[in-house]
Protein chains: 2
Amino acid sequence: MASVRVALLGCGVVGTEIARLLDEHADDLAARAGAPLELAGVAVRRLDRDRTATGIDPSLFTTDAAGLVSRDDVDLVIEVIGGIEPARTLIHTAMERGASVVTANKALLAEDGVGLHTAADKHGVDLYYEAAVAGAIPLLRPLRESLAGDRIQRVLGIVNGTTNYILDQMDSVGSGFAEALEEAQSLGYAEADPTADVEGYDAAAKAAILAGIAFHSPVGSGDVHREGIGDVTAADVASAKAMGSVVKLLAICELSDDATSVGVRVHPAMLPRTHPLAGVHGAYNAVFVEAEAAGQLMFYGPGAGGAPTAGAVLGDVVTAARNRVGASLGPRGSWYADRRTRPMGETVTRYHISLDVDDRPGVLAAVAAVFAEHGVSIETVRQRVEGHDDAELVVVTHSATDDALTATVDDLDGLDTVRAVLSVMRVEGE
Amino acid sequence: MASVRVALLGCGVVGTEIARLLDEHADDLAARAGAPLELAGVAVRRLDRDRTATGIDPSLFTTDAAGLVSRDDVDLVIEVIGGIEPARTLIHTAMERGASVVTANKALLAEDGVGLHTAADKHGVDLYYEAAVAGAIPLLRPLRESLAGDRIQRVLGIVNGTTNYILDQMDSVGSGFAEALEEAQSLGYAEADPTADVEGYDAAAKAAILAGIAFHSPVGSGDVHREGIGDVTAADVASAKAMGSVVKLLAICELSDDATSVGVRVHPAMLPRTHPLAGVHGAYNAVFVEAEAAGQLMFYGPGAGGAPTAGAVLGDVVTAARNRVGASLGPRGSWYADRRTRPMGETVTRYHISLDVDDRPGVLAAVAAVFAEHGVSIETVRQRVEGHDDAELVVVTHSATDDALTATVDDLDGLDTVRAVLSVMRVEGE
């Protein structure tokens with residue numbers, strides 16, 4: 001093969017960086033792929049912008065993305081447009097025509113990973129998407145290939161840099177959520193509309209992709225229990241601190257003990273400071289994996305950014321190109337296990353509950369009785385007198401189903417002696 | 001293909017665990033590889049041991065390893081004997097006959113990685129060895145494939161669990177080297193003859209393998225500058241602590257700024273406690289990677305042990321088996337860059353030097369003059385009066401070549417006012 005011809009869909013921050021690396025590292029990439037990589041075209045939304053600074057040959061730009069992916073001379077399509085459409089249609093067109101696809105599109109993969117993999121299988125092309133989860137961190141390939149001889153039991157990840165930055169600020173500076181969000185926005189770590197990050201949608205898409213690969217079962221965004229960090233207060237963070245923990249937004253993918261079902265959830269949780277994930281600061285990402293043979297592994301690095309994302313995309317491009325040169329294919333989508341997705345209520349977890357209660361005899365007994373009624377065992381109780389007849393009660397439970405814990409909290413809320421349930425947060429990583 | 005037939009060379013802790021996982025996870029492995037994996041034979045040194053506990057069919061055992069790898073019905077050979085011979089000859093025989101090879105043999109790969117890869121290329125078979133470096137941590141595949149589109153600039157690794165356990169004990173408990181080594185031995189973290197670990201030979205072999213993959217250039221154990229931890233004292237560890245650092249045995253692989261040469265070294269070094277590697281405790285391993293596009297990545301996990309090593313081997317086995325089923329081959333050995341290995345003297349690094357000096361005027365001036373003479377710039381000097389005319393001087397330098405630093409220390413040693421050079425340690429990670 002003379003060269004591998006590459007079409008680039010999207011020329012924003014990531015796309016521009018990909019084009020730059022393709023050009024600047026051309027010799028290295030050719031040596032690694034076994035053939036030169038040649039940019040065949042770049043699809044953009046509009047042609048009237050000055051793109052001189054990108055250094056890309058102006059004749060390569062086109063607004064006709066559908067035409068570009070249909071071209072016979074394109075071997076490999078890089079999709080960095082994002083979103084569901086037109087990305088999905090363009091990818092399917094490219095695959096039908098026999099081009100391999102590299103994408104960073106987490107939303108699309110979480111929505112229709114099985115459909116995309118099925119199409120790749122059908123048309124005998126590669127589909128890679130390392131950049132879709134945890135940016136530059138090599139994660140999907142290790143999970144899919146390096147751990148192929150092992151049984152992954154649990155994946156615990158900090159996969160959203162924006163929320164980790166906000167929670168890290170709240171922890172280190174003691175600021176409230178609104179203040180930390182504002183700072184994240186001013187530094188460019190959070191977008192003007194921070195919903196996708198703050199409400200956990202971004203992390204949920206990544207969790208779905210991770211769970212599918214880890215457990216060889218189809219998992220979509222809709223299967224993921226999702227709670228954001230909007231309700232995390234400075235008091236929660238301080239309370240975590242008091243018990244040697246830190247609040248993190250975690251993406252958790254778990255195999256049930258009998259290996260028949262998979263639970264996938266995204267929510268803030270308290271994590272002991274001794275846990276390797278507790279030391280992940282700022283906008284960094286990290287994913288902690290527990291596997292039967294390997295034990296505990298962690299992968300750490302920048303979760304976003306133009307250059308890191310472009311680097312991850314290019315790693316996939318080199319692999320796909322090398323496969324093409326060698327007339328072979330990488331590993332296929334693998335959903336053979338087809339495990340049931342467990343509803344959140346069945347998840348076994350632990351709770352940290354703060355209650356505003358009357359400071360009078362019998363309160364603790366009444367509270368404890370509610371836990372006992374639902375079969376929830378208490379690990380620790382801490383009581384702090386607030387006023388002359390006012391106290392705060394902090395209860396940390398042992399493991400129980402989320403249903404039992406939710407029912408317990410509901411009943412606590414109904415107790416006469418409980419003035420308010422101040423906060424409820426899950427406890428992980430022990 | 002009906003099944004992929006696997007020969008196992010060696011049946012110690014790792015081999016036994018491999019056989020167990022092959023049997024216990026047979027269905028999962030078959031689904032992932034695309035064909036069942038079948039154990040065709042197990043080569044052991046002697047047949048008169050009771051191996052009932054392994055659960056392996058007794059008829060599979062043989063002492064004729066050469067005969068086993070020569071069998072026509074063996075598709076894949078797993079080598080977990082270790083050492084140079086007979087492992088090398090067995091692997092070559094297997095490859096000549098067309099079998100793919102998975103090995104955990106770091107010594108052999110560091111001695112003759114190029115030879116093994118050349119043979120694999122020649123005979124059109126796969127050669128994988130994820131377990132050879134940092135045990136269970138998926139590291140070589142990410143470096144070789146996920147980062148194939150990037151330029152790796154530096155690899156900084158804790159790749160020997162024994163020495164990390166010892167140094168961690170010295171740091172946390174304040175014990176001396178001998179005492180910490182003894183404890184490591186009693187807990188099974190160090191062998192009766194700890195030379196290979198303590199003197200850095202094990203880490204040097206791993207550093208050579210890492211550097212070869214990271215920089216696409218052949219690097220052997222002999223190219224690695226190696227210093228062990230036998231001379232690290234409780235005072236060194238305390239001195240590191242005083243400046244917010246910790247002593248770690250690091251394997252460091254660096255590309256020169258002009259990308260023409262590679263430096264590879266293993267030695268104890270002081271690392272700031274804020275560095276992600278500083279938090280790697282006990283016998284854990286971690287490898288920190290700096291790449292142009294990806295930025296800073298870290299891979300963390302257990303560096304040794306039967307199950308973790310077996311898991312890593314099986315990941316490779318699944319990949320090699322899948323390639324065989326798909327009639328394809330994984331990535332080849334890649335030494336296209338063929339960069340020069342830089343001698344230690346050219347390495348740019350920093351020194352932490354403790355001197356026992358006379359406590360009288362002019363001493364600091366004399367000492368500073370020696371640094372200036374060699375063009376070594378001083379970052380900090382700390383002086384502590386020890387007796388009525390005795391002082392300790394601690395100097396931390398800015399970056400300079402190792403040659404200049406060594407010459408500086410030699411000249412300091414010759415100064416009248418310097419009673420003794422108490423310790424010299426490199427400073428990394430800033």
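A note on names: the letters A, B, ... follow the listed sequences, proteins ahead of strands, and every chain is numbered from 1. Atom set for the values below is all heavy atoms of this structure, side chains included, hydrogens, waters and symmetry mates excluded.
If you tally non-hydrogen atom pairs under 4.5 Å between each of B/A136, B/S328, B/P138 and chain A, the highest count goes to B/P138. Between chain A and the residues B/A327, B/G306, B/A294, the most heavy-atom pairs under 4.5 angstrom are made by B/A294. The candidate from B/P331, B/P276, B/S334 with the greatest count of non-hydrogen atom pairs under 4.5 Å with chain A is B/P331. Each of B/Y128, B/F288, B/Y336 has some count of heavy-atom pairs under 4.5 Å with chain A, and the biggest count is that of B/Y336. Chain A forms more heavy-atom pairs under 4.5 Å with one residue of B/V318, B/L314, B/D316, B/L297 than with any other, namely B/L297.
Neither the backbone nor the side chain of B/E290 comes within contact range of chain A; no heavy atoms are under 4.5 Å apart. Only the side chain of B/H216 comes within less than 4.5 Å of a heavy atom of chain A; its backbone N, CA, C and O stay farther away.
From B/H25, atom NE2 reaches atom CD of A/E292 across 3.5 Å, with rounding to the nearest 0.5 Å. To the nearest 0.5 Å, atom CZ of residue A/R322 and atom CG of residue B/L329 are 11.5 Å apart. Here the CD1 atom belonging to B/I137 is positioned 11.5 Å from the OG atom belonging to A/S146, to the nearest 0.5 angstrom.
Salt-bridge annotation for B/E130 and A/R141: absent, with no side-chain N of the basic residue lying under 4.0 Å from a carboxylate O of the acidic one.
The two residues B/L147 and A/R32 make their nearest non-hydrogen contact at O-NH1, 4.0 Å.
Atom OH of A/Y129 has more than 12 neighbouring heavy atoms from other residues, nucleotides or ligands inside a 6.0 Å radius.
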